[in-house]
Protein chains: 2
Amino acid sequence: MKTFNSYKNPAIAVDLVVFGYHDKVLSALLLNRNEEPFKDGWTLPGSFLQMEETFRAACSRILQTKMGLSDLFLEQLYSFDDPARDPRGRVISVAYYALINPHAFNVVAGKMANDVKWFPVNKLPRLGFDHKVIFKTAVERLKAKILYYPVGFELLNDTFTMTELHELYECVLGIDIDRRNFRRKILDAGYIINTGTKRAGLKNRHPELYTFNKKLGENQFQLHIQIE
Amino acid sequence: MKTFNSYKNPAIAVDLVVFGYHDKVLSALLLNRNEEPFKDGWTLPGSFLQMEETFRAACSRILQTKMGLSDLFLEQLYSFDDPARDPRGRVISVAYYALINPHAFNVVAGKMANDVKWFPVNKLPRLGFDHKVIFKTAVERLKAKILYYPVGFELLNDTFTMTELHELYECVLGIDIDRRNFRRKILDAGYIINTGTKRAGLKNRHPELYTFNKKLGENQFQLHIQIE
DNA sequence: GCTACTTTGTGTCATAATCACGCAATTGAT
DNA sequence: ATCAATTGCGTGATTATGACACAAAGTAGC
């Protein structure tokens, strides 16, 4: 039985789209490269997959060493195969996306990058490689995901107001959703739980605080919104 | 700027789940291997990705050389990374799934396999590698896909009866769907078009024949069925 | 305290979609 | 002509959705 690792194989990169929700804006984390190719340009954080490493292990390594992050929600997005996507040669990219509450983590640029910064998803700079394609795929996935998975659980604080959840949905989906119908839909689905406390110190009526219902299984919730 | 193909990289395989619908049963195409590992065992058709090959090109090559098939519906499924998934060493698998009308194609085993055969999806033999996991992932994907994409277009003949379409949905989803409500839903959505002709030669009432509405865009159709 | 203003929470009603059926029409076999 | 099986069409109850009105709770200014 022959072994195959003696073959000349394409390299495998793992690239990450890290989403954060901050000041009513959905953002993504980008890295400013300090080496060629695309030196001083912005790209998604990523790295080559090591020989015995799983994809998730590579993701964790990237998040930890390049940005000082750990234990995020991670999901495989898609694998990209354009033979011209990397000027150095044939590199397959297996893309993952992560969700993070930017208030709960502090992003720090690792030594392998000039800088790490949040960019609002509709104000991205030019990206190296085929990372714009990867990014757009991730946004589409997130839009689909939020309709049947409690994405807010990863993006918001542990407790949050109905308005915050509502704004998150409008922001991610890019559409207006009637505030009162949204409330009814979310509550009827048992999607979130009223903590019984209210947020104080605001100018107007103090909103009730909620947490996500962790007992809710997958596919228990579905927001019926027709995207276009 | 260094190049990276000098590194020792994991190998990349492309594996395929080919679905067909035949005699009211959803089946998948499996290959009987004629070499180690898993010699004489059943696996999904697959191959190593060549250096300058796209995933789709690899899929076409596999379908053509191993089974004599071409021009199928193809969609990327998922990438699998278990370091122990291949006894020969580290091999990443990028899985695709295909849909085919078995009546329109003749499956022929290529010289690289002992045999190629259709297996009903709930009567699969033991599979080599991690192909059972890949297969289950594909079935889940197909169940989700059929709710908002005209999967039947790929699996059925050009023209088909309402009953055939109905049975396909029940079969893929594994649930009972009320025949009359299904009909109304499908017709109201403009999902299919009545050809005006009927299928003759049957014992009972001759059913009308339909074709899929090719002008229907993505996401125009959604069957509201709560799985579980 | 009273009023103005903003935000949050609750309800209502028309419309649309879904679900669970009944029943008639069409066909070949008897 | 009758029967059995299958297909096509319809109907009413229930539920979900969309578009609102309006009350309640809070702060600020007077």
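Per chain, numbering begins at 1; letters A, B, ... match sequence-line order.
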Could you list where the contact with chain B starts and ends along DNA chain D, reading 5' to 3', using a 4.0 Å heavy-atom cut-off?
D:dA5 to D:dG10

Face-on cation placement of B:Lys185 at B:Phe182 ring, 6.0 Å and 45° thresholds
no

Between B:Arg205 and A:Arg205, name the one whose nearest nucleotide on DNA chain D is closer to the 5' end.
B:Arg205

Identify each atom pair where a protein N or O and an N or O of nucleotides 28-30 of chain C are less than 3.5 Å apart, giving names and distance.
unit_1	atom_1	unit_2	atom_2	d
C:dG28	O4'	B:Lys203	O	2.2

Between residues 177-187 of chain B and DNA chain C, which residues have a heavy-atom gap below 4.0 Å?
B:Asp178, B:Arg180, B:Asn181, B:Arg184, B:Lys185

For A:Glu208, the side-chain contact (heavy atoms from CB on, under 4.5 Å) test, sequence neighbours excluded, returns A:Asn194, A:Lys198, A:Tyr210

Should A:Trp42 and A:Lys117 count as side-chain neighbours, where that means a heavy-atom distance under 4.5 Å?
yes

Step by step, work out the ring pair (Phe, Tyr, Trp, His ring centres under 6.0 Å) result for B:Phe80 and B:Phe129.
CA-CA 11 Å; B:Phe80 296 84; B:Phe129 304 104; over 10 Å; no

Shortest non-hydrogen contact from B:Ile146 to B:Leu173?
CG2-CD2, 3.8 Å

Indicate yes or no for a side-chain donor-acceptor contact from A:Arg61 to the backbone of A:Arg56 under 3.5 Å, with no hydrogens or angles considered.
no

Would you confirm whether B:Arg183, through its side chain, and B:Thr163, through its main-chain N or O, come within 3.5 Å as a donor-acceptor pair?
no

So, does B:Glu167 use its side chain to make a donor-acceptor pair with the main chain of B:Glu164 at under 3.5 Å?
no

Apply side-chain hydrogen bond (donor to acceptor under 3.5 Å, both in side chains) to A:Asn114 and list each qualifying residue two or more places apart in sequence or on a separate chain.
A:Asn32, A:Asp40

Does B:Lys136 NZ have over 12 foreign heavy atoms under 6.0 Å away?
no

Give a yes or no on whether the backbone of A:Leu168 and the side-chain of A:Lys24 come within a donor-acceptor separation of less than 3.5 Å.
no

Nearest heavy-atom pair of A:Pro150 and A:Tyr191: which atoms, and what distance?
CA-OH, 2.6 Å

Measure CD/A:Gln222 against P/C:dT18 and give the value in whole Å, please.
11 Å

Heavy atoms within less than 4.0 Å of DNA chain C: which residues of residues 160-172 of chain B have one? Give them sorted by number.
none

Has A:Asn213 got a side-chain atom pairing as donor or acceptor with A:Gly190's backbone, closer than 3.5 angstrom?
yes

